[in-house]
Amino acid sequence: MNRIARFVVAALAIVVGLHYLLAFTHEGYAKATSFPLGKSSTTASPSTSESKDHRVLENVVSTPLNEGAHVDAFPTSPQLANATFIILCRNSDLASTIRSVREIEDRFNHRYGYPYVFLNEVPFTTQFQERLGNVVNKKSKVEFGVIPHEHWYQPDHIDEDKAKAGREKMQKDNVIYGGSVSYRNMCRFNSGFFFRHPLVQKYRWYWRIEPDVHFHCDINHDPFRYMEDHGKTYGFTITMYEYEATIQTLWSTVKSFMSKHPEYIAPDNALGFMEKEDGKYNLCHFWSNFEIADMDFWRGEAYTKFFEYLDEQGGFYYERWGDAPVHSIGAAIFLNRTQIHFFDEIGYEHNPYTHCPKLGTNWKDGRCSCDPAKSFDYDGYSCMAKWDKFMGLPNN
Ligand SMILES: *[C@@H]1O[C@H](CO)[C@@H](O)[C@H](O)[C@H]1NC(C)=O
Ligand SMILES: *[C@@H]1O[C@H](CO)[C@@H](O)[C@H](O)[C@H]1NC(C)=O
């Protein structure tokens, strides 16, 4: 009896001791994790003279943190930009949307509390709203909107017989989403309407997120504020070639718009990134499933006229013009090329491609889980090397 009692006391002592030990290290960990956020702004840029590489962050304004506060619970909000996440998705995308939001929350937004706008062509179910609301931090406003009919469905000026013939041909040629009308609705909506949605209109900046994407690194600064503070308008992580079959007449339509409206063409534009020596389109574009950009640019006169012109020609339905080439070409024509920003430090994956940070100390600073050797950037299908060359950046 006596021995058993002593054994029990000893075991209890060990358990209690372990408990204190764990509590102590946990607290130590919590303190440690609150530190790198403030630090990262200075470590992100390697010392200067040899590299004028604009892809490496310089002078990033990091969000002020209350000293000693746990990252999850600091009481005062940082100074947020006029910005929101925008997620176009369906009720059936519930699980994959939760995964995307969970990752952006964990890697970035739980420290900031930027709002979310979810958009759908039909109302979101109560379950969808509850499940998403549960994943997002309590500081963030979360709104769910229905897309107005006229922003989504095929407009009346489209000749349906011609559109149908186009779909059938593409389906026969095995073009991805070649036979889909709803995919076309989505591309047109993303090209010309998302920034006009009533729930979105109150914001200037957006970060586009899709179901089933991945964020592989901590984002230790505020990309919206970076854009605003550095005069950027359009931000990307992946650039690649478009399927030519989907945009047969897009470039000639763009050219005819440009000859009608030379007044909108920016002097230091980025057309040289996309145009071949023979004047044809080299198919390079920014992959628009990730975008951080200024909606006031899409809302402005030049892009509005541009979109309306493209929409009148009907290529969103007769062919299958994607919002990625449409946004990219618009940005390339109407912006100074220095307003287009490559976010190296944002590790991002949309099946089947991953951008994994490679520059400076971005990969380390971001605690990235991706393999930089498998980054898509210098894959044969990527346009990144072209972009670097066009921008006069050192090759990696
Ligand atoms: C945010 O941006 C939108 C679009 O530019 C603008 O209408 C709105 O007034 C801005 N809100 C604030 C608080 O500045
Ligand atoms: C384009 O941007 C660069 C860098 O900000 C600037 O030096 C140049 O003057 C701009 N070009 C025009 C035409 O404004």
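Worth saying up front: this structure is predicted, and the values here are computed from it rather than measured. Each ligand, and each atom within it, is numbered from 1 in the order the structure gives.
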> Looking at atom 11 (N) of ligand 2, would you say a protein heavy atom lies below 4.0 Å from it?
Replying inline: yes
Ring centre gap for [X] and [Y] strictly below 6.0 Å:
X      : Y      : result
Trp298 : His327 : yes
Tyr348 : Phe236 : no
Phe286 : Phe273 : yes
Phe108 : Phe215 : no

> Is a salt bridge present between Lys358 and Asp377, judged by a nitrogen-to-oxygen distance below 4.0 Å?
Replying inline: no
> Is it true that Asp212 and Arg99 make a salt bridge, defined as a side-chain N closer than 4.0 Å to a carboxylate O?
Replying inline: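 Looking at Arg99 together with Asp212, the answer is yes, because their closest N to O distance falls below 4.0 Å.
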>> At less than 4.0 angstrom from any non-hydrogen atom of Asn336, what atoms of ligand 2 do you find?
In response: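 So the atoms of ligand 2 that pass are 1 (C), 2 (O), 3 (C), 8 (C), 10 (C), 11 (N), 12 (C), 14 (O).
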> Going by the atom numbers of ligand 2, which of them fall below 4.0 Å from some non-hydrogen atom of Pro267?
Replying inline: 13 (C)
Which residue and non-hydrogen atom of the protein lie closest to [atom], and at what distance in Å?
atom                   : result
atom 9 (O) of ligand 1 : Asn82 ND2, 4.8 Å
atom 7 (O) of ligand 1 : Gln201 O, 4.1 Å
atom 4 (C) of ligand 2 : Thr338 OG1, 3.6 Å

Output the list of atoms in ligand 1 that are nearer than 4.0 Å to some heavy atom of [X], sorted by atom number.
X      : value
Lys202 : 1 (C), 2 (O), 3 (C), 8 (C), 10 (C)
Arg299 : 4 (C)
Asp296 : 4 (C), 5 (O)

> In terms of heavy-atom contacts, does OH of Tyr183 have more than 12 from other residues, nucleotides or ligands at under 6.0 Å?
Replying inline: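 Atom OH in Tyr183 is crowded, with more than 12 foreign heavy atoms closer than 6.0 Å.
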